[in-house]
Amino acid sequence: MQIRIKNNYRTNRLIQLLIIVGDFVVLWVLLYFVVGTIPQSDGWDEEKERLFWMVCTFAMVVAEYLFPSVIHERVAGANDILGHSTTLVATQTLLSYLLLRTVHFMSRLGWQLFAMGGVMFVSILLLRFIERWVVKRLRQLGYNTQCNAHRVRQRVAAFI
């Protein structure tokens with residue numbers, strides 16, 4: 001006798017997409033505050049500030065591609081979440097720093113990015129555990145099949 005497990009691909013993709021959106025919101029909120037802490041940012045024109053935001057966002061895109069979230073997987077433990085969050089934030093921070101240094105953005109830009117990386121790590125880690133709790137709770141309520149994913153999207157759309 002063979003047991004078949006129903007694939008929840010669509011539900012998992014929706015969860016993963018929402019998690020990625022949350023990561024970018026955290027990044028952009030932190031970038032807003034980090035730009036204010038850089039002493040030389042007062043003299044930046046729009047083009048230079050846009051370059052800073054684009055490089056940091058591109059680094060996050062690469063990090064999200066290389067180290068995707070594992071929250072949507074049912075067997076993901078705290079160790080998996082910690083490992084993926086650490087590599088995601090480390091990749092984003094280091095890649096941002098290296099790309100900004102490569103384009104000769106600023107000579108003394110470093111501690112602000114690494115401080116932002118530390119705050120982003122704590123923020124994303126807390127966000128991951130909150131997301132894990134929400135996903136677990138929704139699955140307990142029965143929102144874990146493909147047919148229910150359609151109803152969840154309708155409710156979310158109606159809520160927004």
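All values reported here derive from a predicted model rather than from experimental measurement. The figures that follow rest on heavy atoms only: side chains count, while hydrogens, waters and symmetry mates do not.
- If you take CZ on Phe129 and CD1 on Ile124, they are separated by 13.0 Å, rounding to the nearest 0.5 Å.
- Between Tyr65 and Thr91 there is no side-chain heavy-atom pair separated by less than 4.5 Å.
- No continuous path of ILVMFWY side-chain contacts below 4.5 Å connects Leu17 to Phe67, so the two sit in separate hydrophobic clusters.
- Between atom CD of residue Gln16 and atom CD of residue Glu131 there is a gap of 11.0 Å, rounded to the nearest 0.5 Å.
- Using a cutoff of 4.0 Å between basic side-chain nitrogens and carboxylate oxygens, Arg50 and Glu47 are not scored as salt-bridged.
- Contact of the Ile19 side chain with the Arg132 side chain is not registered, since no non-hydrogen atoms from C-beta on lie closer than 4.5 Å.
- Across Ser96 and Val55, no two heavy atoms sit closer than the pair O-CG1, 4.0 Å.
- Once rounded to the nearest 0.5 Å, the distance linking CG of Leu94 with CG of Leu99 reads 9.5 Å.
- Residues Met54 and Leu98 do not share a hydrophobic cluster, defined by chaining ILVMFWY side chains whose heavy atoms lie under 4.5 Å apart.
- For the pair Thr87 (side chain) and His84 (backbone), a donor-acceptor distance under 3.5 Å is present.
- Annotation: the span from Met60 atom CE to Leu95 atom CG amounts to 11.5 Å, rounded to 0.5 Å.
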Task: Test log, rule side chain to side chain contact (heavy atoms under 4.5 Å, CB included), inputs Leu82 and Phe121 - done: CA-CA 10 Å; Leu82 180 64; Phe121 173 70; 3.9 Å; yes
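- For the pair Met116 and Leu27, the minimum side-chain heavy-atom distance is below 4.5 Å.
- With Cys56 as the fixed residue, the side-chain contact (heavy atoms from CB on, under 4.5 Å) test singles out one of Leu30, Leu31, Leu51: Leu31.
- Other residues, nucleotides and ligands contribute over 12 non-hydrogen atoms within 6.0 Å of the CZ atom of Phe24.
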